[in-house]
Amino acid sequence: MNNKKQAVTIKGTKEGLTFIIDESCSFDHVLIELEQKLSSSLVEKEHPMIKVNVYVGNRYVSQEMKDQIINIVRSKKNLIINDVISDVMTKKEARKIQQDLDVTTITRMIRSGQVIHVKGDLLLIGDVNPGGRITATGNIYVLGKLTGIAHAGVEGNRQAVIAAAYMNPTQLRIADFMSRAPDFETEGLFMECAYIDNKEEKIIIDRLQRLSNIRPNMNSIERRMSNG
Amino acid sequence: MGEAIVITSGKGGVGKTTTTANIGTALALLGKRVCLIDTDIGLRNLDVVMGLENRIVYDIVDVVQNRCKPKQALVKDKRFDCLHLLPASQTSDKDDVTPEGMKKVILELKQDYDYILIDCPAGIEQGYKNAIAGADKAIVVTTPEKSSVRDADRIIGLLEKEESIGSPHLIVNRIRNHMVKTGDMLDINDIVTVLAVDLLGIIADDDEVIKASHHGEPVAFQPDTKASISYRNIARRILGESVPLMSLEDEKGMMSKVKKFFGIKS
């Protein structure tokens, strides 16, 4: 029955090609048919590169399976894989996204020697005193004075931001970037946010009001999912 | 049943022992039965500040290890009948006392005294853990220096984790008003904002304090120095009275008082 029904359907779109893979047939079968179709298809060698999206429907593809598909498509000279899209994910992946979406609210003072770490975003209602440290895999918002150390995006999310009602930190860290307070004594500033500027490749501190321009899609789930 | 108050700071040399001796004296002046406990085992000082070194027979390690009764180890003050000292040992080690042992001793002493003041050693190790074991309240002493405030912050963080101890109170010691004014020393408001705890009192830097402890007589005993008034005010606040903070400004003679009275700025 599977032989009659095509396992791989190729469609042309504006962006390039979409391979629709039947979700009910075996994966080995998919690989064989993909190989056949691509070798038999008459693509001229001089043709410009074509973007390919592979849509696998309700089939769960592990990273290994994804690589197998990508390898077959890549072996054909002028095809490049854009994405392998699946409608399903494991509970583990979902939980991770859920965690990264979560905003953990903590109401207390973080004093010298105290360390707080959360998955996802951190909303701290209270001060971070010098010697105290807060870290989060996502963004950090401090409703209070930030005079200690804050580290946002600890697992490498460079889009993460640190916002504070009063900003006078010892150190700010975002993903693998770090900036420290100047050696002379400074008065802190009210309502500030810190982010990584892609052009200058360093942490910039700016007015909180500018955050909506700097990270316009900060709250959208799609952005988080792609970073998660 | 009395109340056990631990006096701690984290950092050394900010005036824990002096504060313990003076608050104890001030409370005794107000007629309370007070017991001072020195928990700085190996480096005892409180007996020297109180001028009681020559009266020590047994010490706290002897009590904890059941070599004597608490009453035998207690040293009565020279000046007050209601003020006693349980001295630390000079020869033992901090590990000879356990938090459980301390708790037991303090619980026993609480029966006979209104206030038990525990002088805590510097640091946050075993000695600190012993000192806070039996305490119901805590007083954190700090000076207007950054390092001292940082350590006070650390200690307050640790004290807040202790369920048996309520929110700690703060004493800012050794304030030099002229340096605060020029911005070379932390302001009291800054300290209280950072530490976010109740302020119990402030004590000006006063040579009289050093002089008094040199003679083994707590400054709180003197009638009219700034520091002694500050300590007595702290004692009254511990008793629940509401006493306003003393001004640190130096009065410049009669004229300034008159000007102040008429609201003229000098």
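Letters A, B, ... are given to chains in the order of the sequence lines, protein chains preceding strands, and every chain is numbered from 1.
More than 12 heavy atoms of other shown residues, nucleotides or ligands fall within 6.0 angstrom of atom CE in A:Met178. The neighbour count for A:Glu64 CD, taken as heavy atoms of other residues, nucleotides or ligands under 6.0 Å away, does not exceed 12.
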What donor-acceptor contacts under 3.5 Å connect chain A and chain B, backbone and side chains included?
{"unit_1": "A:Arg111", "atom_1": "NE", "unit_2": "B:Glu160", "atom_2": "OE1", "d": "3.3"}
{"unit_1": "A:Arg111", "atom_1": "NH1", "unit_2": "B:Asp153", "atom_2": "OD1", "d": "3.0"}
{"unit_1": "A:Arg111", "atom_1": "NH1", "unit_2": "B:Leu195", "atom_2": "O", "d": "2.8"}
{"unit_1": "A:Arg111", "atom_1": "NH2", "unit_2": "B:Glu160", "atom_2": "OE2", "d": "3.1"}
{"unit_1": "A:Arg111", "atom_1": "NH2", "unit_2": "B:Leu195", "atom_2": "O", "d": "2.9"}
{"unit_1": "A:Ser112", "atom_1": "N", "unit_2": "B:Asp153", "atom_2": "OD2", "d": "2.7"}
{"unit_1": "A:Asn129", "atom_1": "ND2", "unit_2": "B:Asp153", "atom_2": "OD1", "d": "2.8"}
{"unit_1": "A:Asn129", "atom_1": "ND2", "unit_2": "B:Asp153", "atom_2": "OD2", "d": "3.1"}
{"unit_1": "A:Asn129", "atom_1": "ND2", "unit_2": "B:Val194", "atom_2": "O", "d": "2.9"}
{"unit_1": "A:Glu185", "atom_1": "OE1", "unit_2": "B:Lys146", "atom_2": "NZ", "d": "3.0"}

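The choice from A:Gly132, A:Gly131, A:Pro130, A:Gly113 that makes the most heavy-atom pairs within less than 4.5 Å of chain B is A:Pro130.
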